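The figures here come from the full heavy-atom set of this structure, side chains too, leaving out hydrogens, waters and symmetry mates. Source: prediction; values computed, not measured.
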Amino acid sequence: MALPLKAAHASETEDFESSRNIVKFTVFKGSDQNHAQKAELASFEEALLPHLDAAHNLARWLLRNEQDAEDVVQEAYLRAFKSFGGFHGSNGRAWLLTIVRNTSYTLLKKNSAADLTTTFDDEIHAPGHESVSPATILENSEDAELIREAMDELPAEFREILVLRHQEGLSYKEIADIAQIPPGTVMSRLARARGKLKEYLAARIGKEK
């Protein structure tokens with residue numbers, strides 16, 4: 001049974017809570033801009049600024065640090081602006097989130113983060129909790145803090161796929177493009193991420209009883 005995660009997909013129901021903080025991004029408009037430059041800037045703002053919250057949300061869950069997330073989003077927007085002339089697609093959100101993801105992973109690697117693809121510790125979180133019923137897990141999963149703690153325990157690749165699918169409501173193909181993995185891997189990774197999140201919640205709930 002999949003842990004219910006709030007999304008644009010009603011069948012998958014409720015999800016972990018997220019902080020929709022807005023990271024302000026400003027492109028300074030020079031007085032010497034010509035018409036073409038102004039048109040490009042207007043097109044950039046129209047295509048990408050509406051996805052500011054999504055960019056921050058992904059960066060925040062990946063980096064687990066508010067200041068780092070803000071820095072990454074600003075850098076990602078600057079990179080996107082510099083590369084916007086080569087963007088000819090219609091899915092600005094997926095294109096932007098790809099840049100945010102890559103920028104976030106660059107920072108994680110630079111900081112020698114150990115959780116990029118770390119296997120979830122089954123010995124700590126899984127055994128001995130089979131008695132916890134799915135109904136109990138669902139009831140307790142409404143606790144935003146508990147969900148947040150569970151998410152933070154997951155490797156980055158699991159955190160990102162849960163955020164992209166269940167908070168941002170992206171399709172498997174969009175996630176595959178952003179994460180640069182085959183669609184089949186998206187589905188299997190999502191299933192594993194849901195399972196590990198459920199295991200962690202079961203372990204926590206079991207300890208509290």
Partners of A47 by side chain to side chain contact (heavy atoms under 4.5 Å, CB included), sequence neighbours excluded?
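Residues passing side chain to side chain contact (heavy atoms under 4.5 Å, CB included) with A47: F84.
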Taking side chain to side chain contact (heavy atoms under 4.5 Å, CB included) as the test, write out the residues that go with E46, two or more places apart.
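With sequence neighbours excluded, E46 shows a side chain to side chain contact (heavy atoms under 4.5 Å, CB included) to no residue whatsoever.
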Please confirm whether the backbone N or O of [Y] pairs with a side-chain atom of [X], one donor and one acceptor, at under 3.5 Å?
| X | Y | value |
| --- | --- | --- |
| R93 | E168 | yes |
| R159 | L154 | yes |
| E149 | L146 | no |
| S188 | T185 | yes |
| S104 | V100 | yes |

Would you mind reporting whether [Y] and [X] have side-chain heavy atoms less than 4.5 Å apart?
| X | Y | answer |
| --- | --- | --- |
| Q167 | W61 | yes |
| F87 | S43 | no |
| L52 | L96 | no |
| E160 | Y105 | yes |
| Y77 | V73 | yes |
| R165 | L170 | no |
| I161 | H166 | no |

Roughly how far apart are [X] [atom1] and [Y] [atom2], rounded to 0.5 Å?
| X | Y | atom1 | atom2 | value |
| --- | --- | --- | --- | --- |
| F158 | R192 | CZ | CZ | 3.5 Å |
| L97 | N57 | CG | CG | 9.5 Å |
| L162 | I175 | CG | CD1 | 9.5 Å |
| I147 | D152 | CD1 | CG | 11.5 Å |
| H51 | L49 | NE2 | CG | 9.5 Å |

Of all heavy-atom pairs between [X] and [Y], which one has the smallest distance, and what is that distance?
| X | Y | answer |
| --- | --- | --- |
| L164 | I178 | CD1-CG2, 4.1 Å |
| L197 | M151 | CD1-N, 3.9 Å |
| I99 | A76 | CG2-O, 3.7 Å |
| A156 | L62 | O-CD2, 3.6 Å |
| A176 | P182 | CB-C, 4.2 Å |
| A59 | V72 | CB-CG1, 4.2 Å |

I would like to know whether R101 and Q180 meet side chain to side chain contact (heavy atoms under 4.5 Å, CB included); could you show each step before the answer?
CA-CA 10 Å; R101 177 192 184 271; Q180 300 160 42; 4.2 Å; yes
Determine whether S90 and W95 satisfy the following criterion, side chain to side chain contact (heavy atoms under 4.5 Å, CB included), listing intermediate values before the conclusion.
CA-CA 9 Å; S90 58; W95 185 68; over 6 Å; no
No-hydrogen, no-angle side-chain donor-acceptor test under 3.5 Å, H56 and E66:
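Checked: H56/E66 side chains pair up, N/O donor to acceptor below 3.5 Å.
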Under a 4.0 Å threshold between the charged nitrogen and the carboxylate oxygen, would K173 count as salt-bridged to D177?
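Salt bridge present between D177 and K173.
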Under 6.0 Å from the ring centre and within 45 degrees of the ring axis: does the NZ or CZ of R79 meet both conditions for the six-membered ring of F81?
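Checked: cation-pi criterion not met.
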